[in-house]
Number of protein chains: 2
Amino acid sequence: MTEFARVPQLSTRIATHLQTRIEAETWPPGTRLPTEAQMMQEFGVSRAVIREAIAQLRNAGLVETRQGAGAFVAAPGARPIRLEPAQTMDRRAFAKLYELRTPLEVEAAGLAAQNARKPDLARLAQAMARFDVPEESIEASVAADLEFHHAIALATQNPYFVQVLAAISDRIAHVIRAARAEMTLADLHARTRSEHGAICAAITARDPQAARAAMRAHMAGGAARIGLRQKQGPT
Amino acid sequence: MTEFARVPQLSTRIATHLQTRIEAETWPPGTRLPTEAQMMQEFGVSRAVIREAIAQLRNAGLVETRQGAGAFVAAPGARPIRLEPAQTMDRRAFAKLYELRTPLEVEAAGLAAQNARKPDLARLAQAMARFDVPEESIEASVAADLEFHHAIALATQNPYFVQVLAAISDRIAHVIRAARAEMTLADLHARTRSEHGAICAAITARDPQAARAAMRAHMAGGAARIGLRQKQGPT
DNA sequence: TATGTCAGGTTATCAGACAAGTCTTGCGCA
DNA sequence: TGCGCAAGACTTGTCTGATAACCTGACATA
């Protein structure tokens, strides 16, 4: 009968405790966890708490439950890849995130040039067209930017790029929006349009090398615009 | 009364329903969700189900709950990046995952060459040393491989690379382990040792360009060894 | 051996209650 | 009038007990 302090939620503490047993392979995949009743006794809490702890693990993909059968340790391949959010999104953490984003966007541009299909190119052109109108608001501009990069990710034909880039871009856009940039909206709009145009042209021409180079320039430009230095040479 | 179609759990259905409202910005960040009592009435279920649904959203990082106050839609920046597991980890999905891993490992090698500190280089050398002994088992070999790549990720000084590469490598290693490879263990050991050595040397020499090239060769070699074709040229 | 049935165990859901924390409101006081 | 503060309403966290849906394994039977 272990006694838990009440600082974090009871269920969370129990969940992390169980998680260590699973990740330490004390309970290898396929193992059946103790029943809820047994855990109630072991941890000295009510069934509601146990159920919530199990729910957390199930949500994290570490266990699977079957009504009437029990809870089982899931196979590693079934677990989702998960990146914990940075505690504070300060300038340093932001730069690190951008550092992660850059090679992914560059590679996505190259893959898009190789693998894009007709509908992908159409979607890309459509995203480009949104820049033809004069700049309206920071919101509209950011949304158009996101849509363009999303179209590239889709063109890779690789769902992993779509997912991870969507998550990263979304967070970066959020910070940009909050920071408000130091340049005029008109200038930002023009530069983005120009750089996006180069990328779009290279992808449409199915030139992976040019697409990568254009995207790399775009990333470096974006980093510079928001005050980040990238000390990265040619790859 | 027999049910033919098995429906997902009640809590899951309600959770996804709430999720659509959040992602459609019907409830923008900061909004307070209806109270548990209100939802009980709206959906006609017990409080336990509502609480499980909320718990799912909380685990997904979409809402935050505060005792006595309520449940609130979380800021996008606070949400963890999450990659859903592929339904089936077949050869195609595996290739896509490798496609994502390659640019990340290449960039990590380059950043490691730029940013590695003394302890990082020591850890790298230690990981290399594990290959000096003759091959033992497939398990030991895979573990040493993972440790080497983990050491590189740490040397980037970028926690995002550490997290995402750890998650991806772990899953790839799992598949490799299951597939058992087509080459002899001795041959695999020798090749891995040779390629890792080149990477390690480039990083220790603080030569980012050479580190990137060596890692790219290593990735291509690994892909070829497990039967994947990479149609990727120089970046 | 093969098969159908049943009993026991397990999770899913329901219902009601109290504890702990938060927010609002109104009252007393300066 | 304006401010401080405490009481009370409200909300989530935890506990308790019960029923329904479901799974597994043993057992009887042909």
Side-chain angles (χ1 to χ4, degrees), chain A residues 1-19 21-22 27 29-75 78, chain B residues 1-19 21-22 27 29-75 78:
Chain A
M1 173 120 80
T2 317
E3 195 59 61
F4 284 101
R6 309 244 162 176
V7 211
Q9 299 223 158
L10 223 38
S11 53
T12 301
R13 291 206 47 128
I14 292 177
T16 55
H17 185 243
L18 296 177
Q19 187 173 352
R21 290 197 205 173
I22 293 174
W27 289 336
T31 308
R32 210 191 81 170
L33 270 59
T35 68
E36 295 177 349
Q38 288 172 325
M39 291 193 190
M40 283 171 64
Q41 200 155 16
E42 177 181 355
F43 296 110
V45 297
S46 77
R47 188 157 166 243
V49 174
I50 296 295
R51 283 189 59 75
E52 225 166 279
I54 300 286
Q56 284 184 35
L57 298 179
R58 187 178 47 213
N59 217 258
L62 275 91
V63 308
E64 289 168 359
T65 60
R66 298 204 324 267
Q67 183 177 170
F72 302 83
V73 177
Chain B
M1 180 161 71
T2 45
E3 283 288 347
F4 292 99
R6 176 161 310 197
V7 295
Q9 286 189 282
L10 267 177
S11 53
T12 301
R13 278 192 292 172
I14 291 176
T16 55
H17 185 253
L18 296 177
Q19 188 172 351
R21 291 197 205 173
I22 292 174
W27 290 336
T31 308
R32 210 190 82 171
L33 270 60
T35 68
E36 295 176 351
Q38 288 173 326
M39 291 193 187
M40 283 171 65
Q41 200 156 13
E42 176 181 355
F43 295 107
V45 297
S46 75
R47 194 167 160 225
V49 173
I50 297 295
R51 284 189 59 77
E52 289 245 339
I54 300 287
Q56 284 184 34
L57 298 180
R58 189 178 45 214
N59 285 337
L62 282 118
V63 307
E64 289 168 359
T65 60
R66 297 201 329 263
Q67 183 177 176
F72 302 83
V73 177

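Remember, it's a predicted structure, so these values are computed and weren't measured experimentally. Atom set for the values below is all heavy atoms of this structure, side chains included, hydrogens, waters and symmetry mates excluded.
- Take A:Arg21 and apply the side-chain hydrogen bond (donor to acceptor under 3.5 Å, both in side chains) test, not counting sequence neighbours, and it matches A:Glu42.
- Taking atom CD1 of residue A:Ile14 and atom P of nucleotide D:dG13, one finds them 15 Å apart after rounding to whole Å.
- Straight-line distance from the CD atom of B:Glu36 to the C1' atom of C:dA15: 14 Å, rounded to whole Å.
- Looking at every heavy atom in both residues, B:Ala15 comes nearest to B:Gln56 through CB-OE1, 3.6 Å.
- Among residues two or more places apart in sequence or in another chain, the side chain to side chain contact (heavy atoms under 4.5 Å, CB included) test is passed with A:Gln67 by none.
- Residues passing the side chain to side chain contact (heavy atoms under 4.5 Å, CB included) test with A:Arg51, sequence neighbours excluded: A:Glu36, A:Arg47, B:Glu52.
- Contacts of A:Phe72 classified as ring-ring contact (aromatic ring centres under 6.0 Å, His included), with partners at least two apart in sequence or in another chain: none.
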What nitrogen or oxygen pairs link the protein and nucleotides 16-18 of chain D at under 3.5 Å?
residue	atom	partner	partner atom	Å
D:dA18	N6	A:Arg47	NH1	3.2

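- For the pair B:Leu10 CG and C:dA15 P, the computed distance is 12 Å after rounding to whole Å.
- Between B:Ile50 atom CD1 and C:dA12 atom P the separation is 16 Å, expressed in whole Å.
- Residue B:Met39 forms a side chain to side chain contact (heavy atoms under 4.5 Å, CB included) with just one option from B:Ile14, B:Val45, B:Ile54, and that option is B:Ile54.
- In this structure, CZ of A:Arg13 is placed 17 Å from P of D:dG13, rounded to the nearest angstrom.
- Atoms CD (B:Gln41) and P (C:dA15) sit 13 Å apart, rounded to a whole Å.
- Residue B:Gln41 qualifies as open at atom CD: its count of foreign heavy atoms under 6.0 Å is 12 or below.
- Put simply, the side chain of B:Leu18 reaches to within 4.5 Å of the side chain of B:Leu57, judged on heavy atoms.
- Per the geometry, CD belonging to A:Glu52 stands 15 Å off C1' belonging to C:dA12, to the nearest Å.
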Can you pull every protein N or O that's under 3.5 Å from an N or O on nucleotides 20-22 of chain C?
residue	atom	partner	partner atom	Å
C:dA20	N3	B:Gln67	OE1	3.3
C:dG21	N2	B:Gly68	O	3.2

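- Listed here is the closest heavy atom pair of A:Leu33 and A:Trp27: CG-CZ3, 4.0 Å.
- Atom C1' of nucleotide C:dT11 and atom CG of A:Leu33 are separated by 13 Å, given to the nearest angstrom.
- Residue A:Thr65 places at least one side-chain N or O under 4.0 Å from the OP1 or OP2 atom of C:dA12.
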